[in-house]
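See below for the structure under consideration.
Protein chains get the first letters and strands the later ones, always in sequence-line order, with residue 1 at the start of each.
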Amino acid sequence: MMGNTRMKIMVIDGNSILNRAFYGIRQLSNHEGLPTNAVYGFLATLFKLREDEKPDRTVVCFDVREKTFRHLKFDSYKATRKGMPDELAAQLPVMKETLDAMGVVRCELAGYEADDLIGTISRKADENGDTCVVVTGDRDSLQLIGGGTTVLLVSTKMGQTTYETYDMEKFRERYGFDPIRLIDLKALMGDASDNIPGVPGIGEKTAMQLLHDFGSLEGVYANLEDEKIKKGARAKLEAGAQSAKDSYWLATIDRNAPLALDVANLPEEHRDEAALYELLTRLEFKNFIKKLGLSGAYTAPRLPELRTQRIQNAAEAFGLLDALTEAGRVFAVIPETLGAMCLLEADTAAMLFADDFADADWDALLRRLFGGAIELVLHDAKPVAAALLARGIQPEGIVFDTCLAAYLLDPTQSGYDLPRVALAYCSTELPELDLDDPAAVSPLGGQEQTEQACARHAGAVRAIYQEAASRVEELGMRKLYYEIELPLMRILAEMETVGCAVAPDELRAFGERLDVRIHELIAQIYRDADGEFNINSPKQLGEVLFEKLHLPAPKKTKTGYSTNVDVLERIAEDHPVVPKILEYRQLTKLKSTYVDGLLKVVSQKDGRIHTHFQQTVTATGRLSSTDPNLQNIPVRTELGRELRRMFVAPDTEHVLIDADYSQIELRVLAHISQDAHMIEAFRSGQDIHAATAAKVYHVPLDEVTPQMRSSCKAVNFGIVYGISDFSLAQDIGVTRKEAGEFIRAYLATYPGVAKYMEDIKENAREKGYVSTLFGRRRALPELKSKNFNIRSFGERVAMNTPIQGTAADIIKIAMVRVHDRLLREGLESRLILQVHDELILEAPKTEQETAMRLLKEEMEAAFVMDAPLVAEAKAGHSWYDTK
DNA sequence: AGAATCACG
DNA sequence: ACGTACGTGATTCTG
């Protein structure tokens, strides 16, 4: 049976591919170069290649890291041979375990490198009449090409992995000689990276020429007197004869390693699904679990079996809710449409669908459920709360939100949807469930499956709750969770529901004005550039500016010329088209992102804009705003600021009230660092940037020039971000050295700040995390990275997060206080927006003065600091008018 | 899907 | 010596 059919065997250089993945990731400065990412990269490569190549068998070869046979002969070789970094080598066991679980054959042999094992396997495969695809990142292996053996070369550039198959033909085309002559080439020119000396003085050019003329190393030495060899080269070849011989031997892959592996009878792959699922779960490689079609069924289920109960009768439903009032916490899964509910208490999950009830009954059921008498635990409650508010139902009784808890416990995750959190907290794979999909809840089909799935989701919410609630306590985040984030969730739901009134006609008119000017600019730009092109395309724009018009190109991105505003401003004087492009950029930004973007999201129902505040996105604890983002409405340029005229009070009986904190982050810095000088500057009510300048320049306050103030303002900002001389120099336009001096002078002025910056880094390194004054945490594994860039980033984050995060905590507290007090005082004013250090209310004019005073008071009293908080409130008909 | 750009604090 | 400020989201182009 064997030997009759040609097998396709894929042989992989495990060390090479793993190393490649590791350094590939490290090249990307904003990626964390964690060794497990390299394992991920390796497996990704393996899966992809097996899909593309469809081999019958796969073998992965590894170096055994001690002495190889080459080391025995050449000490120098051993001394400098590049090994695998220890942290990566530490991943080898788990990787080998994974391969074993997949049923992939592994091959390693003491005293041999992976190269030699691959060479030997490919030779044997060839002898058996099989074909062999060698997968490696190492060009040396190209010498193995021939017979049934081809090489698939893997390379990584800028994090992009590319694959290239080399067969005999391709190699000859590329190199101009046979693959086996690669050895001769190395013998002549050497290889610094592999510490093969070659012939001293012979480089790539000469070596290629020699091989071309004489075919092989032997040929070269047999024809040393040939006239084609120049005198100098001849002398070098004579002197380096022994080195050439040694190098030839060093460069040769051993194809006769004493392998125990029976290449003719490689076993069929048998996957151990349970082990593989467990491993991939531990590694958090969920993609692979999905890709391989594994499921949690292979692990012992962590969640108990639940009974499901379908309720379609109104009396029974109200009875259930009465019973739940007496019971413990109820774990609920409810879609945003409010069209169904799954309520888990003890071991029974009750499932109710709106379609089974009269509208009035369903409404009453929702009111009862959220009436406050039942203690509800939900995952991601805000959308449900907002939907209830939109229906005029007050969402009471939500005592825990597992999504919010998971965010507080680790705010750096990329998302917190229930399946993801369930996997992280209780290794449970949840079935798909879309209760918003009318098909799932229609009486026609799939109901039972939906019930089961829903019960499992509710079960997961309970399991997460049990774990997360205690961890919130353990990490000292009880107040942060129950007194800030959870109440805020409800407030955000209200803000989203209320929305913000807009003036769409004025917005359209503004858009038309922009359009007129944009079209003028397009015509002028085409004329100036002597041709049409897509101005929106940085690629085409770069070609026009820097190739066609020959303007100096000051900077490049990884894909080509940089054409950002910094670059264009530097060359604005050099050609009349540049200022027009700058203006075009500005106007099209305003038009497409703001005018068109905002018009698209004006509600059909009430003509207002309802943003969504994200409470579980940022790593620092700030909110973010989406669909639309109302936290980045232009203000810095006069033209952009015009857009704020479109955000208005709904009628002449109302006003907008806007209050913002003055210098909240610097005040937090002063307080946290306890720097006496900075605290004093704030206490005395001075302009902080001017006061800083007076101290740094040693001049009286009234002699501070605008330039001096401006530089110090830049440093004040830079300090908060974790400054470097280079970036400061870039920002304020001085040399790097001057910027460095400036930072030194600044830190001498505020020694408490200097000490804080050092202390926080050390503290973060020791503990592995930083925290805000209110106990919000952010883990910082980056600080332990060997990669300078990653580590430096970690240090800047360690300096910045406590400041930005504490400021975020403070304004959240202010929001809760403002909201509570408006309620307590029976006012109709409503919070509608938050922009990091700014709160906006919509208020009846009759309440204007009261609300302004209240807003300022609550914001300033949110937290008593040594550098006291100051907030200024202003009122106006539009957001523009509150400046 | 990712890169480039630019809007905000 | 390294490569260069923290945190976001939307739009557009491109492979």
B/S/- contact track for nucleotides 8-15 of chain C, protein heavy atom under 4.0 Å: SBBSSSSS
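Comparing atom distances between the A:Arg636 side chain and each of B:dG9, C:dG3, C:dG7 picks out B:dG9 as nearest. Relative to the side chain of A:Pro634, the nucleotides C:dG7, B:dA7, B:dT5 differ in distance, and B:dA7 lies closest. Among the nucleotides C:dT4, B:dC6, B:dG9, the one closest to the side chain of A:Val565 is B:dC6. When distances run from any side-chain atom of A:Arg778 to the nucleotides B:dT5, C:dG7, C:dG3, the shortest one goes to C:dG7. Comparing B:dT5, B:dG9, C:dA5 by their nearest atom to the side chain of A:Arg796 picks out C:dA5.
The separation between A:His836 atom NE2 and B:dA7 atom C1' is 11 Å, rounded to whole Å. The separation between A:Lys883 atom NZ and B:dG9 atom P is 14 Å, rounded to whole Å. Between A:Leu839 atom CG and B:dC8 atom P the separation is 19 Å, expressed in whole Å. Atom CD1 in A:Ile790 sits about 12 Å away from atom P in C:dG3, given to the nearest Å.
Residue A:Ile803 is classed as having no contact, given no heavy-atom separation below 4.0 Å to the nucleic acid. Nucleic acid contact class of A:Phe793 (heavy atoms, under 4.0 Å, all strands): sugar-phosphate only. The residue A:Val835 sits close only to the backbone: its heavy atoms come under 4.0 Å of sugar-phosphate atoms, none of a base. Across all strands shown, A:Arg736 has heavy atoms under 4.0 Å from base atoms, whether or not it also approaches the sugar-phosphate.
Side chain of A:Arg777 to backbone of A:Asp410: no donor-acceptor contact under 3.5 angstrom is found. A distance-only check finds a donor-acceptor pair linking the side chain of A:Thr611 to the backbone of A:Thr626 [under 3.5 Å].
Within 6.0 Å of NZ on A:Lys755 lie no more than 12 heavy atoms contributed by other residues, nucleotides or ligands.
Remark: DNA chain C forms stems of 3 or more consecutive Watson-Crick or G-U wobble pairs, all pair distances under 3.5 Å, at B:1-9 with C:6-14.
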